[in-house]
Participant: 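My structure is below; once you've seen it, I'll send some questions.
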Amino acid sequence: MCEGKIQENLLSISWHDSAWIPVLNQTNVMDYFSERSNPFYDRTCNNEVLKMQKLGVADVQLQNMQGTEYQLLHVQEPILYVVRKQIRHSQTQVTPVSDYYIIAGVVYQAPDLGTLLNSRIVSSVSHLQSAFEEARGYARYHPSRGYWWDFGKEKEKEKKTKATKKEEPSSLFQRRRVDMLLDQLSRQFPFKTPPALEGKTEPEADTEKEGETQTETQAEDANVKSDSLKREREKDIKPEAKRVKVER
């Protein structure tokens, strides 16, 4: 029971060591897998015995031993490594126990065939149970009529729900036009006229402007005439002054 619980828990966990991930390769992946913090590694295996004796872990030495061992089964650098746990009986006879795959430095235990079939069967049974429960909801019975299936009411309900969704009341902004909103804003915030034009209508303002322009033009004409008269007088005075000087 304890072994089954441990194995079941190992299928739902993972392990990694961030210090090893940047330098992980085919030559040191078994050293990475044999770390003490790795929950998937069995310290009583032959690999650990050879490691403790400092004899080096080689396939030739493992073949001469009996018991549990770990072997690098598949390599796809730099992303995938597959390690197999097996029990060796002789140099040519081994029994696989479990496989572990290392993806991007993270170690997972591959599920065995029994666990995989059990999971698929449980999921299929749960789907079948939900289907039967749904079908039972459509079954109807009456003493005079017997059993029958009633699928029409559900469709009518779906149509009603769709119709109610389409007939949702519109908002205040959707019911009122934009020009009405602008009219309301213009009433709330009226345009402020300058103080010089307050209390005067547009035609009066126009006539006043025209009168001002006329007076300005008349004043300009008067100034021009006065200037011309001054120039003519100056011209008449200068020859008279010259005559007086000559007579003297």
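The model shown is predicted, which means the values in this text are computed figures rather than measured ones.
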Participant: With a 4.5 Å heavy-atom cut-off, do Gln61 and Met65 have their side chains touching?
Facilitator: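 Contact flag for Gln61/Met65 side chains = no.
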Participant: Classify the ring geometry of Phe33 against Tyr41: parallel below 30°, tilted from 30° to 60°, perpendicular beyond 60°.
Facilitator: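 Perpendicular: the ring planes of Phe33 and Tyr41 meet at over 60°.
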Participant: If we count only N and O atoms by modelled type, under 3.5 Å, do the side chains of Asn25 and Glu77 hold a donor and an acceptor together?
Facilitator: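 Looking only at side-chain atoms, Glu77 and Asn25 do not form any donor-acceptor pair under 3.5 Å.
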Participant: Do other residues, nucleotides or ligands put more than 12 heavy atoms under 6.0 Å from the CD atom of Glu134?
Facilitator: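 Not buried by this count: 12 neighbours or fewer within 6.0 Å.
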Participant: Under a single-linkage definition using a 4.5 Å side-chain heavy-atom cutoff for Ile, Leu, Val, Met, Phe, Trp and Tyr, are Leu72 and Val82 assigned to the same hydrophobic cluster?
Facilitator: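 No, Leu72 and Val82 fall in different hydrophobic clusters.
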Participant: To the nearest 0.5 Å, what is the distance between CD on Gln63 and CD on Gln71?
Facilitator: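 If we round to the nearest 0.5 Å, Gln63:CD and Gln71:CD are 8.0 Å apart.
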Participant: Side chains of Val97 and Thr68, heavy atoms from C-beta outward: is any pair under 4.5 Å?
Facilitator: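 Counting from C-beta outward, Val97 and Thr68 never come under 4.5 Å.
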Participant: Could you report the tightest heavy-atom contact between Asp99 and Arg84, atom names first, then the distance?
Facilitator: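 Residues Asp99 and Arg84, closest heavy atoms: OD1-NE, 3.0 Å.
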Participant: Is Thr115 reaching over with its side chain to a backbone N or O of Pro111, donor-acceptor style, under 3.5 angstrom?
Facilitator: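 Between the backbone of Pro111 and the side chain of Thr115 there is no qualifying donor-acceptor contact (under 3.5 Å).
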Participant: Flag yes if Tyr100 and Val75 sit in one hydrophobic cluster, no otherwise; membership is Ile, Leu, Val, Met, Phe, Trp, Tyr, and two members link when side-chain heavy atoms are under 4.5 Å apart.
Facilitator: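 As far as the 4.5 Å side-chain criterion goes, Val75 and Tyr100 are connected within one cluster.
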Participant: Side chains of Trp149 and Arg140, heavy atoms from C-beta outward: is any pair under 4.5 Å?
Facilitator: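 Trp149 does not reach Arg140 side chain to side chain.
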Participant: Answer yes or no: is there an ion pair linking Arg88 with Glu69, defined by an N-O contact shorter than 4.0 Å?
Facilitator: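 Looking at Arg88 and Glu69, the cut-off is met.
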Participant: Any link between Leu73 and Ile102 through a network of hydrophobic side chains (Ile, Leu, Val, Met, Phe, Trp, Tyr) touching at under 4.5 Å?
Facilitator: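 Not linked; separate clusters.
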Participant: Will you find, in the side chains of Ser34 and Tyr32, an N or O donor that is under 3.5 Å from an N or O acceptor?
Facilitator: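 Side chains of Ser34 and Tyr32: no pair found under 3.5 Å.
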Participant: Is there a chain of hydrophobic side chains (I, L, V, M, F, W, Y, each step under 4.5 Å between heavy atoms) that links Trp15 to Val106?
Facilitator: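 The answer is no; the residues belong to distinct hydrophobic clusters.
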Participant: Between OG of Ser90 and CG of Asn64, what distance do you get to the nearest 0.5 Å?
Facilitator: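 CG of Asn64 is found 11.0 Å from OG of Ser90.
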Participant: Measure the shortest side-chain to side-chain distance between Phe40 and Tyr108 over non-hydrogen atoms and say whether it is less than 4.5 angstrom.
Facilitator: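 The answer is no, as the side chains (C-beta and beyond) never meet within the 4.5 Å cut-off.
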Participant: When rounded to the nearest 0.5 angstrom, what distance separates CD in Gln86 from SG in Cys45?
Facilitator: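 If we round to the nearest 0.5 Å, Gln86:CD and Cys45:SG are 11.5 Å apart.
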Participant: Is there a chain of hydrophobic side chains (I, L, V, M, F, W, Y, each step under 4.5 Å between heavy atoms) that links Val83 to Leu10?
Facilitator: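 Same cluster.
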Participant: If you look at every heavy atom in Asp31 and Trp20, which pair is closest and at what distance?
Facilitator: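 The answer is CB-CH2, 3.9 Å.
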Participant: May I ask you to test the Thr95-His89 pair for a side-chain heavy-atom distance under 4.5 Å?
Facilitator: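 Yes, side chains in contact.
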Participant: Hey, are the side chains of Pro78 and Leu24 touching, using non-hydrogen atoms and a 4.5 Å cut-off?
Facilitator: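 No, every pair of side-chain atoms sits at 4.5 Å or beyond.
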Participant: Quick one, Tyr70 and Asp42 - any side-chain contact, counting heavy atoms below 4.5 Å?
Facilitator: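 Yes, at least one pair of side-chain atoms sits under 4.5 Å.
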Participant: Is it the case that atom OH in Tyr147 sees more than 12 heavy atoms from other parts of the structure closer than 6.0 Å?
Facilitator: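 For Tyr147, atom OH is not crowded (no more than 12 foreign heavy atoms under 6.0 Å).
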